[in-house]
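For reference, the structure discussed in these notes is given below.
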Amino acid sequence: MSESKKQSFLHGTALLAMATAVVKLIGALYKIPLNMIIGEQGFAYFNTAYEIYNVLLMISTAGLPVAMSRMISQASSLGHYSEVRRIYSTARSIFLILGVTGTLLMTVFCRQLAAFQEQPDAWAAIGFLGPCVLLICLMSTYRGFFQGQSNMIPTSVSQVLEAFCRLIVGMLAAVILLKTTSSIPLAAGGAILGVTASCVLSVFYLFGCFRRAYAEMPVTHEHVSSYRKTAKRLLSIAIPITIGSAGLSILTMLETKVYMGQILGLGYTQGEADTMKGIYDMTKTIFNMPCAFITPITISIIPAITAQLTLRNKRAARATEESATRVTGLICMPCAVGLAVLAKPVIALLGGYTGEKLAMAAPMMAILGVSIVFNALVLMTNAMMQSHGHVNLPVVNMFIGGFLKLAAVYILTGNPDIGIIGAPIASLLCYFTITVLNLITMRHCIPKCPAIVRNLMRSLIAALIMGLFAYGTWFALERILGADGSRLLLCGLPILVGAIVYFLSAIKLGAITRGDCLLLPKGEKIANMLHL
């Protein structure tokens, strides 16, 4: 891979973040109208399919791309490109086996899986989503190959292509099936068809990029590990990560079963319980938007830190970790504070809720807003420990948090005074617990542990200042316009005011350094413009 095709850590992060911004915008244009087209019940079926899909997806792809990325980063940093080829071909075989197995499970047993989740009408969405497991496995093979060499362009472009295809095909299929069959379960399944079609398009694009990049790799003649030894190394890294990620996804799936059972036990009908789940799923959709911007950072830092540690440059590794922490804080802090203080206008606008539905959705949105900070820190600290070779420790912490979450869901949602609102409370408790455990673990297992909390404080202070102005603007507008005023104005103007205040506060407080800016595309111009 030529030097011109390698990006620095934050350069790669910026590319993925820009792609994520486009993907999330398109995703909002997809999921928010979809919720209105197929209703809360149909949206609940759609998300139930995703919960089952995520379990199989995590088993198939959570650990292997990270293992590929780390091993390819080590080999390419030493110029061992024959070893890179061996790692890729070995990982591809493992991915194919996992992908075929996952696809068969979802398509053949879709009705049984739907019944297990206490939502028997979600079978169509589950079955239609099944082929995506194999397709995602193929995509992950190519993405792991590129990310291991710090080339984030193919991943970024493929994500945008997926989003556009998902929007167009999914929305059309949902509308057509709803009009022709009047069946909400089939309409939810139609929405899933957009996901499958988008995966097909992404696989073809990534394969084209891979063919060119693979052919351009230099031919080297170093000793290459056997397929057996390479597979053993891949799996030794991937299995602990997979157990942690898949285990948490399984616990999330069980969480749905638990709170649906508890809500039905409180005397609600199946339709009412499905509606409550649909509202909760909508708040989680909004919660996942800012969290998705953290993933590009974690994807970028794993090969970056691994390469620096391979070359025994511990100072550079620590600098990368602290830079990643500051960027994470700049993203997650304003999102968390903003959603916490503006939960009501945000969910009223994006969810279209009024009355009892709005009264139920607003507190859930505020709680999940606070959870954003801790979820971001979990993702970031997990990636740092994985980069240092400590792949088992995050797994233990995630399981502790996951089981605590399951217990809290059972207790809280079974209380008639709390009900479904207990689910986001349990999520907040889970992410907070894992964050604390990860920070304690890092202090013991990483020499010269990065200063996580210290590097977050300035962005936190800037976000709190922003929150005061944003909430004050919304409070004043609601008094002037009334609760029935323009939802767009009640939500949009406070967000605009908050964004301006946060930008000025973050610059004034030095929440990002000139060194951070210099690692971004056009970084020197950005730093000069911001007077850093």
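Residue numbers run from 1 in the order of the sequence given. Keep in mind it's a predicted model, so treat the numbers as computed, not measured.
Expressed to the nearest 0.5 Å, how far CD1 of Ile500 lies from CD1 of Ile495 amounts to 12.5 Å. Interatomic distance, Ile440 CD1 to Thr435 OG1, rounded to the nearest 0.5 Å: 11.0 Å. Here the CG-CG distance, from Leu206 to Leu138, works out to 10.0 Å after rounding to the nearest 0.5 Å. Rounded to the nearest 0.5 angstrom, Leu460 CG and Met333 CE are separated by 4.5 Å. From Asp281, atom CG reaches atom OG1 of Thr283 across 7.5 Å, with rounding to the nearest 0.5 Å. The structure places CG of Leu234 at 12.5 Å from OH of Tyr227, a figure rounded to the nearest 0.5 Å.
Between Pro218 and Arg85 the shortest heavy-atom distance is O-NH1, 3.2 Å. Here the closest heavy-atom approach between residue Thr196 and residue Pro131 is recorded as CG2-CB, 4.2 Å. Residues Thr141 and Cys137 share a closest heavy-atom pair of OG1-O, 2.9 Å. Nearest heavy atom pair, residue Met466 against residue Gly338, reads CE-N, 3.7 Å. Ala340 approaches Val370 most closely through the heavy-atom pair CB-CG2, 4.1 Å. Of all heavy-atom pairs spanning Val203 and Leu135, the tightest one is CG2-O, 3.5 Å.
Between Lys284 and Met364 the shortest side-chain heavy-atom distance does not fall below 4.5 Å. Under the 4.5 Å side-chain criterion, counting only non-hydrogen atoms from C-beta, Phe146 is in contact with Phe210. Considering only heavy atoms from C-beta on, Ile372 stays 4.5 Å or farther from Leu368 through its side chain. Looking only at side-chain heavy atoms (C-beta outward), Arg211 and Tyr214 stay at 4.5 Å or farther from each other. Using a 4.5 Å heavy-atom cutoff, the side chains of Leu456 and Ile452 are in contact. Within the 4.5 Å cutoff, side-chain heavy atoms of Tyr205 are placed close to those of Val157. Using a 4.5 Å heavy-atom cutoff, the side chains of Leu339 and Phe287 are not in contact. Side-chain atoms of Met139 and Cys199, non-hydrogen and from C-beta on, do get closer than 4.5 Å to each other.
Of the possible donor and acceptor atoms, none in the side chain of Tyr81 sits under 3.5 Å from a partner among the backbone N and O of Ala75. Judged by distance alone, the side chain of Ser323 and the main-chain N or O of Ala319 form no donor-acceptor pair under 3.5 Å. The main-chain N or O of Gly401 is never found under 3.5 Å from a side-chain atom of Thr433 such that the two would form a donor-acceptor pair. Panel note: side chain Ser226, backbone Lys229; a donor-acceptor pair is recorded below 3.5 Å. With Arg318 contributing its side chain and Cys449 its backbone, the two residues share a donor-acceptor pair below 3.5 Å.
Within 6.0 Å of the CZ atom in Phe469, the count of heavy atoms belonging to other residues, nucleotides or ligands does not exceed 12. Phe204 CZ: 12 or fewer foreign heavy atoms inside a 6.0 Å radius. Summarising the local packing, CZ of Arg458 is surrounded by 12 or fewer heavy atoms from other residues, nucleotides or ligands at distances under 6.0 Å.
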>> Let's go through Arg233 and Glu83 carefully: what are the C-alpha distance in whole Å and the side-chain angles of both, what is the deciding distance for salt bridge (Lys or Arg N to Asp or Glu O under 4.0 Å) to 0.1 Å, and is it a yes or a no?
In response: CA-CA 13 Å; Arg233 285 181 62 205; Glu83 185 71 15; 3.8 Å; yes
> Between Cys491 and Trp474, is a side-chain contact (heavy atoms from CB on, under 4.5 Å) present by the stated rule, with each step listed?
Replying inline: CA-CA 7 Å; Cys491 181; Trp474 171 72; over 6 Å; no
>> Walk me through whether Ser427 and Lys405 qualify under side-chain contact (heavy atoms from CB on, under 4.5 Å).
In response: CA-CA 6 Å; Ser427 292; Lys405 179 182 181 181; 3.3 Å; yes
>> Pair Met71, Val84 - check side-chain contact (heavy atoms from CB on, under 4.5 Å), show working.
In response: CA-CA 8 Å; Met71 289 175 62; Val84 170; over 6 Å; no
> How far apart are the C-alpha atoms of Arg212 and Glu216, what are their side-chain angles, what is the distance that settles it, and do they pass the salt bridge (Lys or Arg N to Asp or Glu O under 4.0 Å) test?
Replying inline: CA-CA 6 Å; Arg212 291 191 297 272; Glu216 290 174 5; over 6 Å; no
>> For a salt bridge (Lys or Arg N to Asp or Glu O under 4.0 Å) check, start with the C-alpha distance between Glu162 and Arg143, then their side-chain angles and the critical distance, and finish with the verdict.
In response: CA-CA 14 Å; Glu162 278 181 69; Arg143 287 173 176 171; 2.5 Å; yes
>> Apply side-chain contact (heavy atoms from CB on, under 4.5 Å) to residues Phe145 and Arg92 and explain how you reach the verdict.
In response: CA-CA 10 Å; Phe145 172 82; Arg92 180 186 58 195; over 6 Å; no
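Judged as a side-chain hydrogen bond (donor to acceptor under 3.5 Å, both in side chains), and not counting sequence neighbours, the contacts of Thr441 are Asn397.
Using bins of under 30°, 30° to 60° and over 60° for the plane-to-plane angle, the ring pair His390/His388 lands in the parallel bin. Classified by interplanar angle (parallel below 30°, tilted 30° to 60°, perpendicular above 60°), the ring pair Phe432/Phe374 is perpendicular.
Side-chain polar atoms of Ser82 and Thr220 form a donor-acceptor pair below 3.5 angstrom. A donor-acceptor pair shorter than 3.5 Å cannot be found between the side chains of Thr325 and Asn455.
Applying the side-chain contact (heavy atoms from CB on, under 4.5 Å) test between Met398 and each of Leu393, Asn382, Asn438, Leu437 identifies Asn382 as the sole match.
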